[in-house]
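First the proteins, then the strands, lettered A, B, ... as listed; each starts at 1.
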Amino acid sequence: MKIMILCFGGWSSSLLGKKIETGLADRGRKASVTTCSVELGLGQMKSFDVILIAPQVRHMAGPIREAGAKTGTPVLELSMDEYSGKALDKLLDRLIAAAKLESGN
Amino acid sequence: MDRLNKWLEKSFLPVAGKVAGWRYMIAVRNAFFSSVPFVMVGSVFLIVGFIAIPGWDKIVAPYLGKILNGFNMTMGLLSVWIAIAYGYSLAQQYDLNPLVGAMSSLMGFLVVAAPLKDGNLTGTYLGGTGIFAAILVGTFAVEVYRFFTVRNITIKLPESVPPQISASFGALLPILFELIVLDVITNWLGVDIPGFIMKAFTPLVTAGDSFFAVVFIAFLVALLFYLGIHGWAVVLGVIGPIEMANIQANAAAHAAGLPMPHVLTEPFFAAWGSIGGTTTAGALVIWLLFCKSKQLKQVAKLSVVPSFLVNVHEPVMFGTPTVLNPYFFIPVVFTYPILAAITWIAMNVGLVTKPFIYVPWSTPEPFYPWLATGGDWRAVALMFFNLAVALAIYYPFVKAYDNLLVKQEQEGNTESVSRDQ
């Protein structure tokens, strides 16, 4: 599963990215997480299976969802607790569900 | 407090979203980000040329011109990078060929801003002073491209022609139109577009360096962070180009031995305000390390490295959380503008050198203020002073919140309810 987290500089989300990769691996799924700023990520969406919007850039959810609709990529908005890792399991559930819907796994 | 939170979320936030989501703002931010590596590289040469280590300037003096070439060919060409990246991003947003967008944006910019003189391109507006012209001309270039493409106004070639060739003809008409318009205006009618733009924007740029402006910007950014929105992501579309142009102007003035005109630059806010992260979250993290509640101790542990190594404060912002947390409204929203006020005063009375070297915002303090001012130790002292002010402001609120959480944790314990989700 190729996941992209959209945030500001890309660094703040890399901590979460590692948690997601480990968490999904524990559930028997291979995943790679890339982080990117919203502006640069808008043009790369078709290379990913799921797009996650960090809460601090949720004001850009509109344009991100539009771009996701164009490439058919599911877009999930992260809550504060999901982003900080407090609600990691819930986030992993959502990711797996989104991937299932897309590929019909 | 609750009503304030609700109003901020319902009325203020959507406005911020609309502004930030405007495709031209996205393109400006994109251009800004794309130019950063070149600006940083240019800064390396500036540091080598000007770092205030005793005696260094004498060693460097015979080579200074050659050393500054690295700066001149990067920062000195700032508008060129902006023109390219802006055109690329705007075209990409319209699902047009982004390379064509970039190249026609650059072509238009050069026609308008770098007229030929004795066979050479004029360099006056290729640095920081041409940024607004680059954005305006880039907009024109891509909008023309889009207009022609959407209405299918192209030269139609016979079916038998290979696709690559007919594709290149697709961009021909908009580029021709763009060139004719800009050439006539600049070359035949003699209108100095970048000069005119400079004059029009000068009051705005000057106003940007005012006390009110820097305090207001800091306040706005901090308020957005209180809402859990990245304040700089919203504001950078408008402020970013001005800040870049300002720091380049400061560097050029410094290189020429002239007084530096600007304070509104990225290091102004980042080095002396974003200590440990925007809203001076570093002060919060420091106090969290002394907190008694288990939850806050945990947040402190997770936040120390991001805050103090790379000035990233999302962990402490979302972990405490400070977002929409009434306990933290005052310190989160008001510390940052107060520090901006202090820094503005210090720089404008000459206590601290104005920033003229661009280093990444993730540069750990205290290196950040030292590098950004070419090695002014007083800049570092100011940073520590600001941190002390921030610590004083944050203290009572962190203490009150810690007391609340300790109480909740104790009550939770007696009911034997686990607080972990």
Q) What part of B:Trp361 is in contact with chain A, defined as an atom under 4.5 angstrom from a non-hydrogen atom: side chain, backbone, both or neither? A) side chain
Q) Where on B:Ala16 is there a heavy atom nearer than 4.5 Å to chain A: the side chain, the backbone, both, or neither? A) backbone
Let's test your reading of the structure: which of [options] forms the most heavy-atom pairs below 4.5 Å with chain B?
options: A:Val38, A:Leu16, A:Val57, A:Leu40; result: A:Leu40
options: A:Ala61, A:Ser84, A:Pro55; result: A:Pro55
options: A:Gly43, A:Gly85, A:Ala54, A:Ala67; result: A:Gly43

Which atoms of [X] approach chain B - backbone, side chain, both or neither, heavy atom under 4.5 Å:
X: A:Leu42; answer: side chain
X: A:Ser37; answer: side chain
X: A:Met60; answer: side chain
X: A:Pro63; answer: side chain
X: A:Leu15; answer: side chain
X: A:Lys70; answer: side chain

Q | Residues of residues 84-103 of chain B near chain A, each having a heavy atom less than 4.5 Å away | A | B:Gln92, B:Gln93, B:Asp95
Q. When rounded to the nearest 0.5 angstrom, what is the spacing between CE in A:Met80 and OG1 in B:Thr320?
A. 9.5 Å
Q. Quick one: CD on B:Gln295 to NZ on A:Lys86, what's the gap to the nearest 0.5 Å?
A. 5.0 Å
Q: Determine the minimum heavy-atom distance between B:Gly228 and A:Arg58, stating which atoms define it.
A: O-NH1, 3.4 Å
Q) How close do B:His230 and A:His59 get, heavy atom to heavy atom, and via which atoms? A) O-CE1, 4.5 Å
Q.
Quick check for you: among B:Val19, B:Leu236, B:Ile26, which has the greatest number of heavy-atom pairs under 4.5 Å with chain A?
A. B:Ile26
Q. Should the heavy atoms of other residues, nucleotides or ligands under 6.0 Å from NZ of A:Lys19 be counted, would the total exceed 12?
A. yes
